[in-house]
**Q** 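Right, I'll just put the structure down here and ask away after.
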Protein chains: 2
Amino acid sequence: MRTPSASTARAGALTADDWAVRGLEILTTEGPRAVTIARLCRDLNVTKGSFYWHFADLEALKGSIAQLWCAQNRQQLTELAALNELPAHERLRAMTAGLIDDGAWALQRTLREWSRTDERVAGAVADSDQFVFELVQDAISELGADPRQARTRAGLLVYAGIGFAHGQTALPKPTMEDVDDLIAWLTEGS
Amino acid sequence: MRTPSASTARAGALTADDWAVRGLEILTTEGPRAVTIARLCRDLNVTKGSFYWHFADLEALKGSIAQLWCAQNRQQLTELAALNELPAHERLRAMTAGLIDDGAWALQRTLREWSRTDERVAGAVADSDQFVFELVQDAISELGADPRQARTRAGLLVYAGIGFAHGQTALPKPTMEDVDDLIAWLTEGS
DNA sequence: ACCTGAACACCGTTCAAGT
DNA sequence: ACCTGAACACCGTTCAAGT
């Protein structure tokens with residue numbers, strides 16, 4: 001990733017990827033309001049003109065950042081799915097537990113926000129959601145639900161996960177005990 | 001609402017409320033990016049200095065807009081709760097149906113976004129969530145769930161609703177048939 | 001009490017010109 | 001191919017001055 005894409009690139013020259021990497025770093029540590037062209041230029045020691053050679057506009061950068069995030073995210077989820085050895089029940093439990101105390105909501109929220117104004121971001125987020133949905137659906141299926149049940153219940157769970165990440169509201173935060181109850185109930189016969 | 005709050009106010013003078021009302025209009029019809037001080041000044045035929053007499057900064061305006069939205073929202077929900085005559089089952093159905101095809105997500109999404117940077121907005125959104133949660137919890141209770149079940153299941157439903165509003169992703173959009181299934185299943189005994 | 005007018009800092013975007 | 005430098009439009013914020 002550190003090597004320039006084309007062999008003709010000069011020594012200190014930047015790649016579009018360099019901008020995206022630094023952008024994701026800033027987004028992660030300082031939030032969306034800090035991701036600005038002027039700020040990136042300061043960090044990378046170039047002027048704004050350089051940015052506009054690599055990207056059409058700010059939206060395009062957001063798209064690249066989103067793709068980077070999507071790749072990382074996908075890998076993390078794949079590791080999680082590699083818990084395939086565990087019984088489906090345990091897999092579900094691990095996924096929801098990860099959701100509740102993981103600090104990665106903030107990123108996800110911002111990406112969803114961006115996806116409203118940028119097609120590329122929307123695509124990356126949709127990919128991620130689809131991936132999670134299938135993991136959950138498979139787990140519920142293995143526990144003996146018929147296909148229709150597995151689909152609607154997986155949808156309910158995944159939507160609830162997204163809602164939990166976006167809520168952070170006055171609603172009661174589920175305890176691990178609640179989660180166990182819900183999973184047991186989700187995976188009962190109809 | 002059109003009459004100035006203080007009796008000492010001059011004829012053409014603006015109220016803080018006037019700014020909030022116009023702000024909510026713009027937010028509703030053109031989205032969050034259009035809600036800008038300069039734009040409001042154009043619409044209201046005043047200069048920016050006028051804005052800063054009424055509000056400390058842009059965040060303060062957002063807070064006022066949020067409170068306005070919260071009031072409207074609360075009233076709408078109360079009407080919905082006035083379906084108290086209907087069996088609880090029908091109430092749940094009406095609420096979820098309203099969620100699925102209502103076009104009011106966009107507003108809610110923006111308000112949640114704003115609530116991350118403004119305490120007042122966060123308060124208004126929390127109020128709204130709490131209100132919905134109690135409606136759902138009561139309905140589920142009436143259908144014979146014990147208090148603990150009612151709490152966790154209502155949480156699951158409400159979070160799923162929030163997630164659905166924020167998702168708009170690649171996930172399957174639930175049909176009304178799915179909703180009926182889920183409600184029936186939600187309100188079964190453990 | 002309520003607003004104007006002018007200023008300032010900051011950001012996104014464009015583009016001719018450099019190497 | 002990759003970047004500088006300077007310009008422009010636009011927005012948020014401040015503040016002295018007006019009525």
Side-chain angles (χ1 to χ4, degrees), chain A residues 1-23 26-27 30-66 110 113-114 116-118 120-121, chain B residues 1-23 26-27 30-66 110 113-114 116-118 120-121:
Chain A
M1 284 295 171
R2 287 234 155 262
T3 49
S5 52
S7 53
T8 53
R10 286 188 306 190
L14 288 177
T15 310
D17 227 61
D18 293 330
W19 290 86
V21 167
R22 184 68 195 130
I26 296 178
L27 177 59
E30 301 179 40
R33 292 192 65 110
V35 179
T36 168
I37 297 175
R39 163 65 188 279
L40 279 241
C41 289
R42 258 174 264 138
D43 283 17
L44 299 175
N45 277 314
V46 286
T47 56
K48 294 177 179 178
S50 172
F51 174 85
Y52 285 95
W53 192 88
H54 291 287
F55 298 94
D57 52 21
L58 186 55
E59 298 297 300
L61 173 68
K62 289 180 180 175
S64 293
I65 292 178
T110 302
E113 197 179 311
W114 285 0
R116 283 210 272 155
T117 53
D118 189 288
R120 288 153 292 202
V121 180
Chain B
M1 285 293 170
R2 287 235 156 260
T3 50
S5 52
S7 54
T8 54
R10 284 188 308 191
L14 287 177
T15 309
D17 227 61
D18 292 330
W19 291 87
V21 167
R22 184 69 195 131
I26 297 178
L27 176 59
E30 300 179 41
R33 292 192 66 111
V35 180
T36 168
I37 297 176
R39 164 63 188 279
L40 279 238
C41 289
R42 257 174 265 136
D43 283 18
L44 299 177
N45 277 313
V46 285
T47 57
K48 294 178 179 178
S50 172
F51 174 85
Y52 284 95
W53 192 88
H54 291 285
F55 299 94
D57 51 19
L58 186 56
E59 297 298 300
L61 173 68
K62 288 180 182 177
S64 293
I65 293 179
T110 303
E113 196 180 312
W114 285 0
R116 283 211 274 155
T117 53
D118 189 288
R120 289 154 292 204
V121 180

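To find a chain, count down the sequence lines: A is the first, B the second, and so on, and within it residues start at 1.
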**Q** Mark up nucleotides 6-12 of chain C, 5' to 3', with B wherever a protein heavy atom is under 4.0 angstrom from a base atom, S wherever such an atom reaches only the sugar-phosphate, and - elsewhere.
**A** -----SB
**Q** Evaluate the ring planes of B/H54 and B/W19, with Trp represented by its six-membered ring, and classify them as parallel (under 30°), tilted (30 to 60°) or perpendicular (over 60°).
**A** tilted
**Q** Rounded to the nearest angstrom, tell me the gap between atom CG in B/L44 and atom P in C/dT4.
**A** 11 Å
**Q** Can you tell me how far the CZ atom of A/R120 sits from the CG atom of A/L61, to the nearest 0.5 Å?
**A** 9.5 Å
**Q** Please tabulate, one pair per line, all N/O donor-acceptor pairs under 3.5 Å involving side-chain atoms of residues 36-46 of chain B, not counting sequence neighbours.
**A**
| from | atom 1 | to | atom 2 | distance (Å) |
| --- | --- | --- | --- | --- |
| B/R39 | NE | B/D43 | OD1 | 3.1 |
| B/R39 | NE | B/D43 | OD2 | 3.4 |
| B/R39 | NH1 | B/E30 | OE1 | 3.1 |
| B/R39 | NH1 | B/E30 | OE2 | 3.4 |
| B/R39 | NH2 | B/E30 | OE2 | 2.9 |
| B/D43 | OD2 | B/R22 | NE | 2.7 |
| B/D43 | OD2 | B/R22 | NH2 | 2.7 |

**Q** For residues B/D18 and B/A13, report the shortest heavy-atom separation together with the two atoms involved.
**A** OD2-O, 4.4 Å
**Q** Any donor-acceptor pair under 3.5 Å linking the side chain of B/D57 with the backbone of B/A60?
**A** yes
**Q** Nearest heavy-atom pair of A/T110 and A/P32: which atoms, and what distance?
**A** CG2-CB, 3.6 Å
**Q** Mind checking the CZ-CG spacing from A/F51 to A/L14? Nearest 0.5 Å is all I need.
**A** 12.0 Å
**Q** According to a 3.5 Å limit on both distances, what stems of 3 or more consecutive Watson-Crick or G-U pairs are formed with DNA chain C?
**A** C:4-8 with D:12-16, C:12-16 with D:4-8
**Q** Would you kindly give the CZ-to-P distance between B/F55 and D/dT14, to the nearest whole Å?
**A** 15 Å
**Q** How many angstroms lie between atom CD of B/E113 and atom NZ of B/K62, to the nearest 0.5 angstrom?
**A** 8.0 Å
**Q** Think B/H54 has a side-chain N or O under 4.0 angstrom from the OP1 or OP2 of C/dA1?
**A** no
